[in-house]
Undergrad: 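Could you have a look at this structure, given as C-alpha cells, before my questions?
Predicted model only: the values in this text are computed from it and were never measured. These numbers come from the heavy atoms of this one structure, side chains and all, not from hydrogens, waters or symmetry mates.
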Amino acid sequence: MSANWNFLRQVPVFAGLTPEELQHIASLALWRRYRKNMYIFMEGEPGDAFYFVKKGTIKLFQVLEDGREKILHFVGEGEIFAEVLLFDGGPYPATAQTLEDTEVGIIRNADMEKLLSQHGEIAVKIIKVMSRRLRQAQQHSRDLALKGAYGRLAGSLLQLARDYGTPREDGMTIDLNLSQQELASLIGTTRETVARILSDFKRLGLVGVERQRITILEPQRLAEWD
C-alpha cells in the first residue's frame, strides 16, 4: 500500500492531495498487471472504471468498418485513461491494449464519483486532460485531411518524441516499441508507406531506427516535413 500511494503522488491529476488523501485513493484502487499485447478492455464493453498507468504503455484504438485499426493515442506512466466515462457513462469508446508489460490502477466509477464530490480540483484536472486530448484529436483529424503521409509521419514522430522521448547523445529516442503497422494505424496509411518514408528519413539523416525504437536525430529538419 505504501508503494502505491507514494506512486499516486506522481500522477498529475492527484497532485496537491495530502498523504492521507492519497492513501485513501490507494485503498480504493485495484492494481492489475498485464503482459505485453494483452487487452485491458474492448471497445463497446460496459464501462465502469477509471484507469491510470503505474508502469508500462498502452495504446487506445478503434476498429474501423473495414477492419483496420485506428490508433487514437498512447498512454504512459502516470497518465489516466477511460476518464470520459466518469462524465458520459456508457460503453468504452475504444480498446485498450498493452504495448509492453504493464501495471495499472483501477478505480470503480462509483468510488471515483464520491472522490470527485469531495475534491473538485481533481475533476478540474481530469477535464483539462480531456480537453487536451480533444484538441489533439482535432489536430490529428485536420492533419489526416490536409497533410500528406510524409507530413503526418513527421508530425507524429515529433509529438511522440515530446511525449515519450528520452534524450540521448545523438538525439531524442522515442521510448515506445512501435511497429511500422502501428505507426501506419496512427497516421492513416499502409505499413509499406511507413517503411518507405522511414527509409527516406533515415537516408536523409533525420531519424535512426533500431529494434523498433526511433531516435529523432535532426528535429528541426524533420519539422520542415511537418
Undergrad: As an exercise, state the distance from CD1 of Ile174 to CZ of Arg162, rounded to the nearest 0.5 Å.
TA: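 Those atoms lie 10.5 Å apart.
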Undergrad: For Arg213 versus Asn177, what's the shortest heavy-atom pair and its separation?
TA: NE-OD1, 2.6 Å
Undergrad: Please report the interatomic distance CE(Met172) to CG(Leu157), rounded to the nearest 0.5 Å.
TA: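 With rounding to 0.5 Å, CE (Met172) is 13.0 Å from CG (Leu157).
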Undergrad: Name all residues meeting the side-chain hydrogen bond (donor to acceptor under 3.5 Å, both in side chains) criterion together with Tyr150; count only those two or more places apart in sequence or in a different chain, and write none if there are none.
TA: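 Asp200.
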Undergrad: Is the closest side-chain heavy-atom distance between Leu22 and Val11 below 4.5 Å?
TA: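 Sidechains of Val11 and Leu22: no contact.
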Undergrad: For Gly76 and Tyr164, which heavy atoms make the closest approach, and how far apart are they?
TA: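 Smallest interatomic distance, heavy atoms only, reads N-OH, 3.6 Å.
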Undergrad: Does the side chain of Leu160 come within less than 4.5 Å of Phe74's, by heavy atoms?
TA: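 Result yes, sub-4.5 Å side-chain heavy-atom pair found.
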Undergrad: Closer than 3.5 angstrom, by distance alone: can the side chain of Glu77 be matched with the main-chain N or O of Lys55 as a donor-acceptor pair?
TA: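 No, Glu77 side chain to Lys55 backbone: no donor-acceptor pair under 3.5 Å.
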Undergrad: Give me the atom names and distance for the closest heavy-atom approach of Gly47 to Leu85.
TA: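 Closest pair (atom of Gly47, atom of Leu85, distance): CA-CD1, 3.4 Å.
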Undergrad: If the threshold is 4.0 Å, N to carboxylate O, is there a salt bridge linking Asp101 and Arg35?
TA: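 A salt bridge links Asp101 with Arg35.
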Undergrad: Kindly indicate whether the side chain of Ser199, heavy atoms from C-beta on, has any atom under 4.5 Å from the side chain of Arg196.
TA: no
Undergrad: Are any of the side-chain heavy atoms of Phe81 and Phe41 separated by less than 4.5 Å?
TA: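 Counting from C-beta outward, Phe81 and Phe41 do come under 4.5 Å.
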Undergrad: About how many Å separate CG of Asn109 and CG of Leu115, when rounded to the nearest 0.5 Å?
TA: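 It is 12.0 Å, given to the nearest 0.5 Å.
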Undergrad: Which atom pair, heavy atoms only, marks the closest approach of Thr215 to Thr173?
TA: OG1-OG1, 2.7 Å
Undergrad: Measuring only between side-chain heavy atoms, which start at C-beta, is Ile197 closer than 4.5 Å to Thr189?
TA: no
Undergrad: Given Met42 and Tyr92, is the side-chain contact (heavy atoms from CB on, under 4.5 Å) satisfied, shown in steps?
TA: CA-CA 7 Å; Met42 303 288 289; Tyr92 290 113; over 6 Å; no
Undergrad: Using the salt bridge (Lys or Arg N to Asp or Glu O under 4.0 Å) criterion, which residues pair with Lys59? Sequence neighbours excluded.
TA: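 Checked Lys59 against salt bridge (Lys or Arg N to Asp or Glu O under 4.0 Å); matches are Glu69, Glu182.
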Undergrad: With a cut-off of 6.0 Å (strictly less than), are more than 12 heavy atoms of other residues, nucleotides or ligands near CD of Gln220?
TA: no
Undergrad: Are Val194 and Leu64 linked, directly or through intermediate hydrophobic residues, by side-chain heavy-atom contacts shorter than 4.5 Å (ILVMFWY only)?
TA: no
Undergrad: Indicate yes or no: at least one non-hydrogen side-chain atom of Leu183 is less than 4.5 angstrom from one of Leu198.
TA: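 In short, these two side chains touch, coming nearer than 4.5 Å.
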Undergrad: Could you pull out the closest heavy-atom pair between Ala184 and Arg191, with the gap in Å?
TA: CB-N, 3.7 Å
Undergrad: Hey, does Tyr51 have a side-chain heavy atom less than 4.5 Å from the side chain of Arg32?
TA: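 When only atoms from C-beta onward are counted, Tyr51 and Arg32 do not touch, as no gap falls below 4.5 Å.
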Undergrad: With side-chain contact (heavy atoms from CB on, under 4.5 Å) as the test, would you mind laying out the steps for Leu178 and Ile214 before giving the verdict?
TA: CA-CA 8 Å; Leu178 297 177; Ile214 298 174; 5.9 Å; no
Undergrad: Are Arg68 and Asp66 within salt-bridge range, i.e. N to O under 4.0 Å?
TA: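 Yes.
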Undergrad: Within this structure, what is the CD1-CG distance for the pair Ile187 and Leu153, rounded to the nearest 0.5 Å?
TA: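 Here the interatomic distance stands at 4.5 Å.
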Undergrad: Would you please test Phe14 and Ile25 for side-chain contact (heavy atoms from CB on, under 4.5 Å) and show each step?
TA: CA-CA 9 Å; Phe14 299 134; Ile25 295 173; 3.7 Å; yes
Undergrad: Using side-chain heavy atoms (C-beta onward) and a distance below 4.5 Å, is Ile107 in contact with Phe52?
TA: yes
Undergrad: Give the C-alpha distance, both sets of side-chain angles, the deciding distance and a yes or no for side-chain contact (heavy atoms from CB on, under 4.5 Å) between Leu204 and Arg221.
TA: CA-CA 10 Å; Leu204 293 170; Arg221 289 177 57 204; 4.2 Å; yes
Undergrad: So, does Thr98 use its side chain to make a donor-acceptor pair with the main chain of Met38 at under 3.5 Å?
TA: yes
Undergrad: Which atoms form the tightest heavy-atom contact between Gly44 and Pro91, and what is the distance?
TA: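 Where Gly44 meets Pro91 most closely, the heavy atoms are O-CB, 3.4 Å.
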Undergrad: Would you list the atom pairs, donor with acceptor, under 3.5 Å between side chains in residues 117-131 and any protein atom, with sequence neighbours excluded?
TA:
from   : atom 1 : to     : atom 2 : distance (Å)
Ser117 : OG     : Lys114 : O      : 2.5
Lys125 : NZ     : Ala15  : O      : 2.3
Ser131 : OG     : Ile127 : O      : 2.9

Undergrad: Honestly curious: do Ile106 and Leu28 fall in one hydrophobic cluster under the side-chain, below-4.5 Å linking rule?
TA: yes
Undergrad: Any sub-3.5 Å donor-acceptor pair from Gln62's side-chain atoms to Lys70's backbone N or O?
TA: no
Undergrad: In terms of heavy-atom contacts, does CZ of Arg33 have more than 12 from other residues, nucleotides or ligands at under 6.0 Å?
TA: no
Undergrad: How far does CD1 of Ile58 sit from OG1 of Thr95, to the nearest 0.5 angstrom?
TA: 12.5 Å
Undergrad: Looking at CG of Leu206 and CD of Glu218, how far apart are the two atoms once the value is rounded to the nearest 0.5 Å?
TA: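 Interatomic distance, Leu206 CG to Glu218 CD, rounded to 0.5 Å: 7.0 Å.
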Undergrad: Quick one: do Leu222 and Leu176 end up in the same hydrophobic cluster if we chain Ile, Leu, Val, Met, Phe, Trp and Tyr together by side-chain heavy atoms under 4.5 Å apart?
TA: yes
